[in-house]
Amino acid sequence: MISWPQSRSPLLDSVVLNPVQKEAVVYDEGPQLVFAGAGTGKTRVLTAKIAFLIQEKGIPPHQIFAATFTNKAAREMQLRVESLTGLPLKGLWIGTFHSLCARLLRREASRFGFSPSFSIFDADDQLSQVKKTVRELNLDERTMPPKTLLSAMSRYKNACIQPQTLVEKQGSYFEQELVRVYTAYQESLTRQQAMDFDDLLAQSVYLLRRDEDVRRSYQAHFRYVLVDEYQDTNLAQFYLVKLLAGAGNRVFVVGDDDQSIYAWRGAQVENILSFETVFPGTKVFKLEENYRSTEAILAFANAAITPNVVRAAKTLWTGRKGGAGVLVTRYRDDRMESESVCDAVKAALSRGVKARDVAVLFRTNAQSRLFEDSMRKRRMAYVLVGGMSFYERREIKDCLAYLRLCVNPKDDVSGERILNVPPRGLGDKSRDLLVAGAREAGQSLAELICGNDRPLPALLARGQKGLSELREVLLLLFELVKDNASPHTVCSEMLTLTGYLTVFEGEDSEEAEARIENVNELLNALAIWTEENPSRGLAEFLEEISLASDLDRWERKDDAVNLMTLHCAKGLEFKSVFIVGCEDGILPSRQNFDDEAKIEEERRLFYVGITRAMETLECSSADQRFRFGNLLPMIPSRFLSAVPDALYSFIDKSGYIAQPREERHHAHSLDFGTRQGHRRAEPAPHHEQAFSHAAAPDDFSQETVQYRMGQQVAHKIYGRGKIVNLSGFGDDMRMTVLFNDGSRRKLMAKFADFETL
DNA sequence: CCATCACCACTTTTT
DNA sequence: GTGGTGATGG
């Protein structure tokens, strides 16, 4: 380990770097590429590099452009650099490509006829807009599926191909119509002063390409361009790096081709593999010493990735000899897998492992449910990352649409969304009339409704009242925003004015209650944000929301196990990792069977999962799994069989307790699983007893907690009470509890967090 | 106009 | 098992 010989800074002296890492940090000639294998300290190098540039090279923070993969990574990196240099780094351009581009585009908005407060459309908004465009062009949604169109447009945008350059080209019917849709879609976005995710990148590229002044000024301004996770950049991001770097090529990128897992959304591994040719004179550094995983895990990882053909040669090694072997397990079905994995997690916790250091990783979000159920049943705390995020819920999106409209009244996707929310008698018919009227007047929906300079289109009588109500609401909200009211005030005012919650309050369903709770949580989040960002307004809040991923909001909790997809786990590390659902069809995904390049990406995904583990790793598979509502036979992943047996221990728990005399390998024959529509099998046997107590098949803890009428219970929040009613059973059991404070509550048994007395 | 019900396709992965 | 869409009737 070497410290900084010529450093004047005691803080920089404190960074421990190996010789290669140090060389990469200090080198300062031309373009630089760091091949950083998993766990080789790439974040450390990147942070040290930025600190070095600021402190030793005297580059002002605002002249550094650093793109990370998540906003969270950016925040953490900034904090670390700040603590290294002891300087606040206010102006540093650090963030995801998307947020950095948004920042650039807002600064330069006037140059391309946009307002700096343009909206950012997320996937949901994009889809609404495409659907609308398809309808306007009188296309059939079945032959021209909006989703397909959207992904095709996304491909064009990733390659920075504008619709006007496509018009001349001839192609299939689909392609020709695609160009029409693409053209109309972009026009509508411009009209609404909106950018979608892809536009943030593409429009930045167009701007820098088109406007020499802008390009020159940014090239002169940024003295360094740094990119993390370079293997996952797409063509637009590559162009950006190239355009921003300019002739000086002060570019420093870090990545690992073996961890490239986003080709499906346009990332090109070629960016990293051909970096040296594209940036002549590149200095390459290779980090191959892994500081994260035990030798056993690393050997397993190396073996798992070996079959890939498309990769730069490298071999990770570690000085940490030994370590617990990797465990590969095979279960009867998905339920048994989740139960057993949760038991194994629980066992680890009782051995003293902290829940925060444990992760269960899966290929698809749908797999999380079983694990959530199993953990809840065991009263184990967990954090689920990803899936349906808070800000994607309908009620939240409704509220946000109002807020977005306040910032950008031209946003018709938001306008149409809230037109009849809550229901105010403005249905499809009224909407069409208003949209047509707005189009004719050259205005947006909100502008038309709020402007009084022009008679509104004749509406059905029923709509008039609702329309003037909406107008009042919007006018009041616009007024508030003009007076710089806090985001929290605007939102709560909107709720009062529209009576959004009264519909739910009238309903007595769990769902309505959850909605109300979510909206309250949003208000809460707004209040906190306002407090933490007193100088920033609604527009900034909305931008932060729309560019933040679920992972960005994730925080490790000391006592909660982490549940997430393999994609989400990139860049993270955990002492104990469980990779579940290691089956052909899941990992690798069935949809990628046909293409060897895609299989290789799936294999890299597996590799990413493996290399998250520091101390223990278990990879599990199930012989049968519920998918699409039926029980399907599964076989263990080809990725597992590619790893030599000697590198792991294998435990087969897939045998049937009901057929103890059967030969073991018959026990998991497929005939059992082919009956379609089969209901989920009886409670799975505890895995440690699977073969030992054939006579006691089902005393497993499916329902260890029993409830009965009149029973006394104690709830964490509501205190003590008595069960006065019960209905349903299993996961659907509901109960009414009369608490000692006099309140009466309906609860789902499976969620109810209390002790029986 | 809106609530309800039947039917359908769908599950990769996300800034 | 989900969630979105389309037909129907109040």
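Keep in mind that this is a model prediction, so the values were computed, not measured. Quick note: numbers below take in every heavy atom, side chains included, and nothing from hydrogens, waters or symmetry partners. Sequence lines set the chain letters: A, B, ... in the order given, protein chains first and strands last, and positions in each chain run from 1.
- Remark on DNA chain B: of its neighbouring residues A:His567 and A:Arg431, the 5'-side contact belongs to A:Arg431, judged by nearest-heavy-atom nucleotide.
- For A:Asp258 and A:Arg311, the salt-bridge test passes: some basic side-chain N is under 4.0 Å from an acidic carboxylate O.
- Atom-to-atom, CD1 of A:Ile545 to P of B:dT15 comes out at 14 Å; the value is rounded to the nearest Å.
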Tabulate protein N/O versus nucleotide N/O from nucleotides 2-4 of chain C, keeping only pairs under 3.5 Å, one per line.
from	atom 1	to	atom 2	distance (Å)
C:dT2	OP1	A:Arg369	NH1	3.2

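- For the residue pair A:Tyr500/A:Asp398, the side-chain donor-acceptor check at 3.5 Å is satisfied.
- B:dT14 atom C1' lies 14 Å from atom CD of A:Glu229, rounded to whole Å.
- No side-chain N or O of A:Ser154 forms a donor-acceptor pair with one of A:Ser151 less than 3.5 Å apart.
- Rounded to a whole Å, the CG atom of A:Leu434 is 11 Å from the P atom of B:dC1.
- Distances shorter than 4.0 Å separate some side-chain N or O of A:Thr565 from OP1 or OP2 on B:dT14.
- Here the CE atom belonging to A:Met336 is positioned 13.5 Å from the CZ atom belonging to A:Arg625, to the nearest 0.5 angstrom.
- In this structure, A:Gln367 atom CD and B:dT13 atom C1' are separated by 11 Å, rounded to whole Å.
- Residues forming a salt bridge (Lys or Arg N to Asp or Glu O under 4.0 Å) with A:Arg590 (at least two apart in sequence, or on another chain): none.
- Applying the ring pair (Phe, Tyr, Trp, His ring centres under 6.0 Å) test to A:Phe578 and every residue at least two apart in sequence or in another chain returns nothing.
- Between A:Asn408 and A:Ser119, the side chains place a donor N or O and an acceptor N or O closer than 3.5 Å (distance only, hydrogens not considered).
- Distance CG (A:Leu419) to P (B:dC1): 10 Å, rounded to an integer number of Å.
- For the pair A:Asn365 and B:dT13, the criterion of a side-chain N or O lying under 4.0 Å from OP1 or OP2 is met.
- Rounding to whole angstrom units, CD of residue A:Gln126 and C1' of B:dT15 are separated by 10 Å.
- For B:dT15, neither phosphate oxygen OP1 nor OP2 lies less than 4.0 angstrom from any side-chain nitrogen or oxygen of A:Asn234.
- A donor-acceptor contact closer than 3.5 angstrom is absent between the side chains of A:Asp122 and A:Ser546.
- Side-chain polar atoms of A:Glu339 and A:Ser374 form a donor-acceptor pair below 3.5 angstrom.
- For A:Trp264 and B:dT13, the ring-to-base geometry satisfies the stacking test (centroid distance below 5.5 Å, interplanar angle below 30°).
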What protein N or O atoms touch nucleotides 2-5 of chain B N or O atoms at under 3.5 angstrom, if any, and at what distances?
from	atom 1	to	atom 2	distance (Å)
B:dC2	OP1	A:Gly425	N	3.2
B:dC2	OP2	A:Asn420	ND2	2.7

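- At a cut-off of 3.5 Å, with distance as the only test, a side-chain donor of A:Asn592 or A:Glu602 sits close to an acceptor on the other residue.
- Inspection of the A:Ser620 and A:Glu337 side chains reveals an N or O donor paired with an N or O acceptor under 3.5 Å.
- No more than 12 heavy atoms of other residues, nucleotides or ligands shown are found within 6.0 angstrom of CD on A:Glu517.
- A:Thr364 and A:Gln367 share a donor-acceptor pair across their side chains, judged by distance under 3.5 Å alone.
- For A:Ile94 and B:dT15, the CD1 to C1' distance is 16 Å, given to the nearest whole Å.
- A gap of 23 Å separates the C1' atoms of C:dT5 and B:dT12, to the nearest Å.
- At whole-Å resolution of the value, CZ in A:Arg135 and C1' in C:dT5 are 11 Å apart.
- Side chains of A:Gln231 and A:Asp256: no donor on one and acceptor on the other come within 3.5 Å.
- With respect to A:Asp125, the side chain to side chain donor-acceptor pair (under 3.5 Å) criterion is satisfied by exactly one of A:Arg417, A:Arg404, A:Gln192: A:Arg404.
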Between protein and nucleotides 6-11 of chain B, what N or O pairs are separated by less than 3.5 Å?
from	atom 1	to	atom 2	distance (Å)
B:dT11	O3'	A:Gln591	NE2	2.5

Measure all distances between protein nitrogen or oxygen atoms and nitrogen or oxygen atoms of nucleotides 6-9 of chain C, and list the pairs falling under 3.5 Å.
none

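- A:Tyr262 comes within contact range of the sugar-phosphate backbone alone, with a heavy-atom separation under 4.0 Å but no base atom that close.
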